[in-house]
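In what follows, a single structure is set out as structure tokens and then discussed.
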Amino acid sequence: EKRYQRWGFEGAGNSRIMNGWRVTQDSVVDLFEPGRLLKVCAPMVRHSKLPFRTLVRKYECDLAYTPMIISKSFIESPKARDVEFTTSEGDRPLVVQFAASNAKEFADASELIAPFADAVDLNCGCPQRYVYLFHLLSQCLNSDLVNKSVVTSLIYVIN
């Protein structure tokens, strides 16, 4: 956790001007304004790490995602956190994408990452074979019960 603190983010309410738009940690949804062309760098396996995100932001990317991070590893291992997630002050707004095998893992990983990201995303459609082998929620896209459980757990953590 000390590694993340060195960037000096102030948490919620932190704002800056980006491509002529005021962006705050609370306003990722505000980027999706009707009539505005939004440039998003979607998550790409092994390519959406900080150096690539830094490059696409030089070309006026409005919103960038991390590669999919396995929430269980992220929660349990400081080494996994250091390897899987890096950011910098200019790497905002940022969406961190997780793959989780249950709602609690997703909520716990989201809570850990909250001070350093503007939003979290649960990968619900990854075709990679290991997603099925590890029974990650990405394979349960059509399960209303799973989706309700994930949302309920995340709301509990946020409140």
Side-chain angles (χ1 to χ4, degrees), residues 1-16 18 23-32 38 40-50 52-53 61-159:
E1 297 223 7
K2 291 179 183 174
R3 178 176 181 185
Y4 303 139
Q5 293 172 356
R6 74 175 180 204
W7 291 309
F9 295 135
E10 296 173 18
N14 201 14
S15 68
R16 65 186 177 96
M18 183 193 73
V23 178
T24 67
Q25 191 167 15
D26 302 315
S27 68
V28 171
V29 173
D30 294 338
L31 292 172
F32 295 88
L38 184 65
V40 178
C41 181
M44 296 178 291
V45 178
R46 293 182 299 276
H47 294 289
S48 299
K49 297 219 176 203
L50 180 59
F52 184 76
R53 293 192 311 265
C61 175
D62 296 311
L63 180 64
Y65 281 70
T66 66
M68 180 178 69
I69 299 170
I70 307 298
S71 60
K72 183 177 174 96
S73 301
F74 192 81
I75 294 163
E76 294 177 353
S77 170
K79 184 176 180 178
R81 286 192 291 272
D82 287 346
V83 168
E84 295 299 324
F85 179 76
T86 56
T87 191
S88 65
E89 193 170 334
D91 189 26
R92 303 304 280 271
L94 178 64
V95 180
V96 176
Q97 185 183 73
F98 286 111
S101 59
N102 61 63
K104 183 172 181 352
E105 279 180 11
F106 179 57
D108 290 350
S110 298
E111 186 175 29
L112 279 173
I113 206 71
F116 315 104
D118 301 291
V120 292
D121 173 62
L122 176 63
N123 188 328
C124 290
C126 181
Q128 294 182 9
R129 183 179 173 130
Y130 73 88
V131 166
Y132 292 93
L133 293 174
F134 292 107
H135 303 288
L136 299 175
L137 290 175
S138 302
Q139 68 177 336
C140 301
L141 182 59
N142 295 324
S143 172
D144 291 338
L145 182 61
V146 170
N147 293 332
K148 181 179 179 184
S149 171
V150 169
V151 171
T152 303
S153 296
L154 198 53
I155 289 171
Y156 178 78
V157 167
I158 291 169
N159 290 333

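What you see is a predicted model; the values in this text were computed from it and never measured.
The shortest distance between side-chain heavy atoms of Leu63 and Val95 falls below 4.5 Å. Two residues are said to be in side-chain contact when any heavy atoms from C-beta on lie closer than 4.5 Å; Ser71 and Asp108 fail this criterion. Proximity of Ile113 to Phe74: side-chain heavy atoms (C-beta onward) are separated by under 4.5 Å at one or more points. Side-chain contact check for Tyr65 versus Val40: some heavy-atom pair is nearer than 4.5 Å. Proximity of Phe106 to Val120: side-chain heavy atoms (C-beta onward) are separated by under 4.5 Å at one or more points. Side-chain contact check for Pro43 versus Met68: every heavy-atom pair is 4.5 Å or farther apart. Residues Phe98 and Asp121 fail the side-chain proximity criterion, which asks for heavy atoms closer than 4.5 Å. Within the 4.5 Å cutoff, side-chain heavy atoms of Lys49 are placed close to those of Pro67.
With hydrogens and angles disregarded, no donor-acceptor distance shorter than 3.5 Å links the side chain of Arg53 to the backbone of Ala64. Under a 3.5 Å cut-off, the side chain of Ser48 and the backbone N or O of Met44 do form a donor-acceptor pair. At distances below 3.5 Å, not a single donor-acceptor pair connects side-chain atoms of Ser73 with backbone N or O atoms of Ala80.
Distance check, rounded to the nearest 0.5 Å: CZ of Phe116 to CG of Leu94 gives 12.0 Å. To the nearest 0.5 Å, atom CD1 of residue Ile70 and atom OG of residue Ser77 are 13.0 Å apart. To the nearest 0.5 angstrom, Ile69 atom CD1 is 11.5 Å from Ile75 atom CD1. For the atom pair Cys41 SG and Asp62 CG, the distance stands at 11.5 Å (nearest 0.5 Å). In this structure, CD in Glu84 is found 11.5 Å from NZ in Lys79, a value given to the nearest 0.5 Å.
Closest approach of Glu76 to Arg81, counting heavy atoms only: N-NH1, 4.4 Å.
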